[in-house]
*Asks:* 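Would you mind keeping the following structure in view while I ask a few things?
Computed from a prediction, not measured in an experiment: that's the story for all the values here. Quick note on labels: first sequence line is chain A, next is B, and so on, each numbered from 1.
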Amino acid sequence: MPEGPSIVILRELIEELDLEGQEVIALSGNTKIEKDRMLHHKVKAFKSWGKHFLICFENFSLRIHFMMFGTYRINERKQTPARLSLSFENAELNFYTCSLKYVEGDVNVNYDWSSDIMAEQWDPKKALKKMKTKSQALICDLLLDQEIFSGLGNIIKNEVLYRVGIHPSSVIDSIPVAKLKLLITEARQYSFDFLNWKKAHVLKKHWLVNTRQFCPLKHPLIKSYLGKTKRRTFFCPVCQILYH
DNA sequence: AAGGATGTTGCCTG
DNA sequence: TCAGGCAACATCCT
């Protein structure tokens, strides 16, 4: 569920319901946040920023983060209790096991859309600048930095590093700038590939290294937990160059 | 069939 | 004091 493209799918599904301008007429769920705050308020917009899904009202927004296991149902219910259920005149949105939080004021003030890898406003040059300020960081950690690549998750990290031939333990400072630029371009491209494959239910079969034992050139892959983030990393020691 | 994972927060410990 | 460890969240996949 949680990487950026999955949130874009959710946003698109909800946008199809044409709920903008409609009033929340009932709320339920086991969330601890003050959910009734949204009662009788009209939704201004549904937005996404990386892994955040936002339901925007006049002076505040609800931020939904699905973490690792969160799910949702649109006009359907699961057996398990919803964390939050929002009712509209002709639709019901149900969110399960997610983290909820209010964001005060204008979302455009709170969120920098240029760091969302899937946004129209995505700014690759800004990403490169931010990366250069962390010159000693490992690339496997920086790709997961939501301030730089919001929406990029662990699967995308593994796949993108293989595609551009960079070893996950490479140090930023040592990677040629042309390679970094290629990586940034590919991170966005792969996110859209992910989106389309996920929609077509063929995402997994396109994985070149994630959860695999051999790379496409039949080299044995290494699986380890690298970087400060210690996230599961699959890489090919032959195809991916270590810059350090 | 047990155990780990697409993620983040926040508490606990040394 | 603070970095690191680890549980929590619930479901699906291997």
Side-chain angles (χ1 to χ4, degrees), chain A residues 1-13 29-33 35 48-54 61-74 76-85 94-103 110-111 115-118 134 136-163 168 186-214 221-235:
Chain A
M1 177 60 217
E3 300 197 34
S6 301
I7 304 303
V8 171
I9 290 171
L10 166 62
R11 175 169 51 74
E12 289 177 354
L13 285 172
N30 59 21
T31 178
K32 288 175 196 153
I33 66 159
K35 56 183 180 289
S48 60
W49 179 85
K51 299 166 189 169
H52 297 193
F53 179 60
L54 300 161
S61 300
L62 177 68
R63 187 211 73 177
I64 303 175
H65 197 303
F66 292 92
M67 313 300 283
M68 195 84 98
F69 314 112
T71 53
Y72 59 86
R73 290 290 186 276
I74 297 171
E76 278 178 28
R77 292 178 189 182
K78 298 215 307 174
Q79 295 285 342
T80 51
R83 177 68 32 88
L84 180 69
S85 174
N94 295 308
F95 301 102
Y96 303 86
T97 46
C98 47
S99 162
L100 303 174
K101 201 178 160 183
Y102 286 118
V103 177
N110 288 283
Y111 285 97
S115 60
D116 178 352
I117 41 166
M118 308 212 54
K134 309 207 174 182
Q136 296 310 303
L138 302 188
I139 192 62
C140 61
D141 286 331
L142 276 206
L143 282 175
L144 294 174
D145 185 332
Q146 300 299 297
E147 292 299 316
I148 306 177
F149 298 101
S150 70
L152 202 154
N154 201 42
I155 296 171
I156 299 177
K157 175 198 82 178
N158 285 330
E159 291 296 310
V160 168
L161 286 172
Y162 179 77
R163 273 156 225 258
E186 189 60 29
R188 179 172 165 91
Q189 179 56 50
Y190 185 77
S191 298
F192 283 96
D193 289 345
F194 185 121
L195 173 73
N196 292 322
W197 289 328
K198 177 121 188 164
K199 280 180 180 171
H201 307 289
V202 291
L203 177 63
K204 284 183 191 178
K205 78 170 190 188
H206 288 278
W207 287 347
L208 301 182
V209 291
N210 194 62
T211 73
R212 302 277 186 248
Q213 279 189 289
F214 299 94
L221 294 173
I222 292 174
K223 170 190 165 186
S224 59
Y225 295 78
L226 302 179
K228 283 186 183 174
T229 46
K230 292 190 167 63
R231 298 296 300 280
R232 188 170 71 152
T233 308
F234 293 88
F235 66 96

*Asks:* Can you figure out which of B/dT6, B/dT8, B/dG4 approaches the side chain of A/Arg231 most closely?
*Replies:* B/dT6
*Asks:* Write down the protein N/O and nucleotide N/O pairs, taken from nucleotides 11-14 of chain C, whose separation is under 3.5 Å; answer none if there are no such pairs.
*Replies:*
{"from": "C/dT11", "atom 1": "OP1", "to": "A/Lys78", "atom 2": "NZ", "distance (Å)": "3.1"}
{"from": "C/dT11", "atom 1": "OP1", "to": "A/Thr80", "atom 2": "OG1", "distance (Å)": "3.1"}

*Asks:* Just how far, in rounded Å, is C1' of B/dT6 from OH of A/Tyr72?
*Replies:* 14 Å
*Asks:* Rounding to the closest angstrom, what is the interatomic distance between C/dG5 and B/dA5 at atom P?
*Replies:* 15 Å
*Asks:* Rounded to the nearest Å, what distance is computed from the CH2 atom of residue A/Trp49 to the C1' atom of nucleotide B/dT8?
*Replies:* 13 Å
*Asks:* Report yes or no: does A/Lys78 contribute a side-chain atom to a donor-acceptor pair with the main-chain N or O of A/Arg73 at less than 3.5 Å?
*Replies:* no
*Asks:* Among residues at least two apart in sequence or on other chains, which ones pass salt bridge (Lys or Arg N to Asp or Glu O under 4.0 Å) with A/Lys134?
*Replies:* A/Asp145
*Asks:* Enumerate donor-acceptor pairs with a distance under 3.5 Å from any side-chain N or O in residues 221-233 of chain A to protein atoms, sequence neighbours excluded.
*Replies:*
{"from": "A/Thr229", "atom 1": "OG1", "to": "A/Asp141", "atom 2": "OD1", "distance (Å)": "2.5"}
{"from": "A/Thr233", "atom 1": "OG1", "to": "A/Lys157", "atom 2": "NZ", "distance (Å)": "2.9"}
{"from": "A/Thr233", "atom 1": "OG1", "to": "A/Arg231", "atom 2": "O", "distance (Å)": "2.8"}

*Asks:* Can you check the distance between C/dA7 and B/dG3, where both ends of the measurement are the C1' atom (answer in whole Å)?
*Replies:* 16 Å
*Asks:* Considering residues at least two apart in sequence or located in another chain, which fulfil the salt bridge (Lys or Arg N to Asp or Glu O under 4.0 Å) criterion with A/Glu147?
*Replies:* none
*Asks:* As an exercise, state the distance from CZ of A/Arg63 to OG of A/Ser99, rounded to the nearest 0.5 Å.
*Replies:* 4.5 Å
*Asks:* In whole Å, what is the span from the CH2 atom of A/Trp197 to the P atom of B/dT6?
*Replies:* 18 Å
*Asks:* Is there a side-chain polar atom (N or O) of A/Lys51 under 4.0 Å from OP1 or OP2 of B/dT8?
*Replies:* yes
*Asks:* Using whole Å, report how far CZ of A/Phe149 lies from C1' of B/dG7.
*Replies:* 18 Å
*Asks:* Could you pull out all residues at least two apart from A/Arg11 that satisfy salt bridge (Lys or Arg N to Asp or Glu O under 4.0 Å)?
*Replies:* A/Glu15
*Asks:* Tell me: NE2 of A/His65 to P of B/dT8, nearest whole Å?
*Replies:* 4 Å
*Asks:* Using Watson-Crick or G-U wobble pairs with both distances under 3.5 Å, give me DNA chain B in dot-bracket, 5' to 3', with [ ] for crossers and | for pairs to another strand.
*Replies:* .||||.||||||||
*Asks:* So, is A/Lys230 close to the C/dG5 phosphate, meaning a side-chain N or O under 4.0 Å from OP1 or OP2?
*Replies:* yes
*Asks:* Can you name the ring-ring contact (aromatic ring centres under 6.0 Å, His included) partners of A/Tyr96, sequence neighbours left out?
*Replies:* none
*Asks:* For A/Arg212, which residues count as a salt bridge (Lys or Arg N to Asp or Glu O under 4.0 Å) partner, sequence neighbours excluded?
*Replies:* none
*Asks:* Which whole number of Å gives the distance between the C1' atom of C/dC6 and that of B/dG4?
*Replies:* 15 Å
*Asks:* Of all residues at least two apart in sequence or in a different chain, which pass the side chain to side chain donor-acceptor pair (under 3.5 Å) check with A/Lys199?
*Replies:* A/Glu12
*Asks:* Rounded to the Å, how far apart are A/Phe66 CZ and B/dT9 P?
*Replies:* 16 Å
*Asks:* Can you tell me, in whole Å, how much space there is between the P of B/dT6 and that of C/dT14?
*Replies:* 13 Å
*Asks:* Without decimals, in angstroms, what is the distance between A/Leu161 CG and B/dT6 P?
*Replies:* 14 Å
*Asks:* Taking the six-membered ring for Trp, are A/Tyr111 and A/His52 closer than 6.0 Å centroid to centroid?
*Replies:* yes
*Asks:* Whole angstroms only, please: what is the CD1-P distance between A/Ile156 and B/dG7?
*Replies:* 9 Å
